[in-house]
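Data first, discussion second: the structure below is written as structure tokens.
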Amino acid sequence: MKDEKLQKALARMGLGSRRQMEEVIKAGRVTVNNGPATIGDRVEQGDEIRVDGRQIKYTSENEKRRRVIAYYKPEGEVCSAKDPEGRPTVFERLPKLTHDRWVMVGRLDINSTGLLLFTNDGEMAHRLMHPSGEVTREYAVRVLGEVTPEIARALTAGVMLEDGLAKFEDIKDGGGEGVNKWYHVQLKEGRNREVRRLFESQGLKVSRLLRTRYGTIALPKELRTGRFLELDRKDINTLTDLVSLRPRYGTGLHGAAKEKQERIRSKPLKARRATDSRSDTRSGSDNRNSSAKPKSSASPASRGTRNTRDRNDKR
């Protein structure tokens, strides 16, 4: 059997969603090896695929270099490719891909900040997000009100929300007092606004929420808001091991790309707000153009764990 379905291959190469590609195929705009394509056709390495007469360079998903990006989402960005209200999205600052696309791993709501992972491997993204994988997410949360021992026990035992039972795997005091009280929580699923809703079920309000870890990847201490780092082979392979995927040849950073990431790690780029993305686009700036260092400030959350150090000034 050939490698994969044609509509899936076209979607994976960034030409549109799978449903959109099905419509393109139905319209007779796609050929495979000089013959008209139909829904359900399968393709493999070496096949000649054309859309509207333009040849599409096809690489088998099993042979494609696996890539993963760690992005520090600022408050105010939307976790979607396009927003009907015209708000900035998390995809606007990612590097462009040719015949490929970035798939977001999990979501954060518009008022939340912190670690977002993106990959060009759709199967990897699916396994990292699916509840059956039980991949741990960790958050630093500022709460208005006190989490008493009784509340902590309820949140880790399980609370019935409108979409089912939910719970934290762990909850720890992160320091602070009054309106600046922080906690560090872990959970193994990613339902919509789940962290906020769990606290709200106990009469508590979340005023700040920062994701500090997803699976084996912690928010890099040198990463600033609105910036990204591409992960190297070792970090990518720890993620694939977590979800039982085999490593791929060529995964990781090489040459100039590796040197660029090393420069960013040693001299972090300055933070960017969500509203900066449109001005960046107009001015032509990108992730490489600035080396100014942001100011940092200590907070109870930053003292509680290395993952949240030097970040609270930017949430």
Side-chain angles (χ1 to χ4, degrees), residues 68-96 102 104-118 137-144 174 176 179-180 182 192-193 195-196 205-214 217-231 260-261 263-302 305-315:
V68 179
I69 276 179
Y71 178 65
Y72 192 160
K73 177 193 175 298
E75 193 171 324
E77 284 187 351
V78 180
C79 284
S80 61
K82 295 181 181 179
D83 181 62
E85 298 179 30
R87 294 169 296 184
T89 79
V90 295
F91 284 88
E92 293 177 8
R93 290 174 176 158
L94 303 185
K96 303 301 181 184
W102 292 116
M104 182 169 53
V105 179
R107 304 173 68 89
L108 289 170
D109 66 52
I110 190 170
N111 296 317
S112 299
T113 67
L115 179 65
L116 271 179
L117 297 180
F118 293 86
R137 293 85 154 157
E138 185 174 309
Y139 301 83
V141 188
R142 191 175 73 182
V143 177
L144 298 177
V179 296
N180 199 37
W182 288 86
N192 183 41
R193 299 184 70 254
V195 174
R196 295 179 187 272
K205 182 177 177 59
V206 172
S207 60
R208 292 285 175 86
L209 189 149
L210 168 72
R211 184 151 68 201
T212 57
R213 182 166 65 89
Y214 198 110
I217 305 301
L219 184 60
K221 63 183 179 183
E222 66 273 23
L223 192 59
R224 309 307 190 209
T225 51
R227 299 289 181 178
F228 66 82
L229 285 172
E230 185 158 355
L231 303 186
K260 173 186 172 183
Q261 293 302 290
R263 288 196 302 270
I264 293 175
R265 288 182 183 277
S266 63
K267 193 173 184 180
L269 303 174
K270 69 177 182 179
R272 296 192 297 190
R273 299 169 298 174
T275 52
D276 293 339
S277 61
R278 301 297 161 77
S279 60
D280 287 347
T281 301
R282 290 193 295 269
S283 64
S285 63
D286 62 16
N287 218 43
R288 299 166 295 182
N289 289 347
S290 175
S291 59
K293 293 184 178 180
K295 297 179 181 179
S296 63
S297 64
S299 76
S302 67
T305 176
R306 183 174 69 87
N307 293 337
T308 51
R309 191 172 297 147
D310 295 335
R311 297 196 186 101
N312 296 296
D313 57 317
K314 295 180 284 300
R315 285 202 306 276

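One is the number of the first residue; the rest follow in order along the sequence.
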Please lay out, stage by stage, how Tyr72 and Phe228 fare under the test side chain to side chain contact (heavy atoms under 4.5 Å, CB included).
CA-CA 6 Å; Tyr72 192 160; Phe228 66 82; over 6 Å; no
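- Looking at heavy atoms from C-beta onward, Val206 lies out of side-chain contact with Arg142 at the 4.5 angstrom threshold.
- In this structure, CG in Leu223 is found 9.0 Å from CG in Leu269, a value given to the nearest 0.5 Å.
- A salt bridge links Glu77 to Arg93: one of the charged nitrogens lies within less than 4.0 Å of a carboxylate oxygen.
- By the 4.5 Å heavy-atom criterion applied to side chains, Leu219 and Leu210 are counted as neighbours.
- Contact annotation: the side chain of Val195 approaches that of Val141 to within less than 4.5 Å [non-hydrogen atoms, C-beta and beyond].
- In this structure, the side chain of Lys73 engages the main chain of Ser112 through a donor-acceptor pair within 3.5 Å.
- Using a 4.5 Å heavy-atom cutoff, the side chains of Asn111 and Leu209 are not in contact.
- Using a 4.5 Å cut-off on side-chain heavy atoms (C-beta onward), Leu94 and Phe91 make contact.
- In this structure the side chain of Trp102 reaches within 4.5 angstrom of the side chain of Ile69, judged on heavy atoms.
- Arg196 meets the salt bridge (Lys or Arg N to Asp or Glu O under 4.0 Å) test with Asp109; sequence neighbours excluded.
- For Arg107, there are no salt bridge (Lys or Arg N to Asp or Glu O under 4.0 Å) partners, not counting sequence neighbours.
- Screening Asn180, Val143, Leu144 for a side-chain contact (heavy atoms from CB on, under 4.5 Å) with Ser207, the sole residue that qualifies is Leu144.
- To the nearest 0.5 Å, the span separating CD on Gln261 from CD on Glu230 amounts to 6.0 Å.
- To the nearest 0.5 Å, atom CZ of residue Arg213 and atom CG of residue Leu117 are 11.5 Å apart.
- Shown here for Arg87 and Ile110, the closest heavy-atom pair between the two residues is NH1-CD1, 3.7 Å.
- Shortest non-hydrogen contact noted between Gly76 and Pro88 is O-CG, 3.8 Å.
- Under the 3.5 Å distance criterion, the side-chain polar atoms of Arg211 are matched with a main-chain donor or acceptor of Leu115.
- Of all the heavy atoms in Gly226 and Pro74, the pair that sits closest is N-CD, 4.0 Å.
- Judged by distance alone, with hydrogens and angles left aside, the side-chain atoms of Glu138 form no donor-acceptor pair with the main-chain N or O of Thr212 at under 3.5 Å.
- Across every non-hydrogen atom of Met104 and Val90, the tightest pair is SD-CG2, 4.0 Å.
- Between Arg272 and Arg227, some side-chain heavy-atom pair lies under the 4.5 Å cut-off.
- Between Thr225 and Thr113 there is no side-chain heavy-atom pair separated by less than 4.5 Å.
- When all heavy atoms are compared, the tightest approach of Val105 to Leu116 is O-CD2, 4.2 Å.
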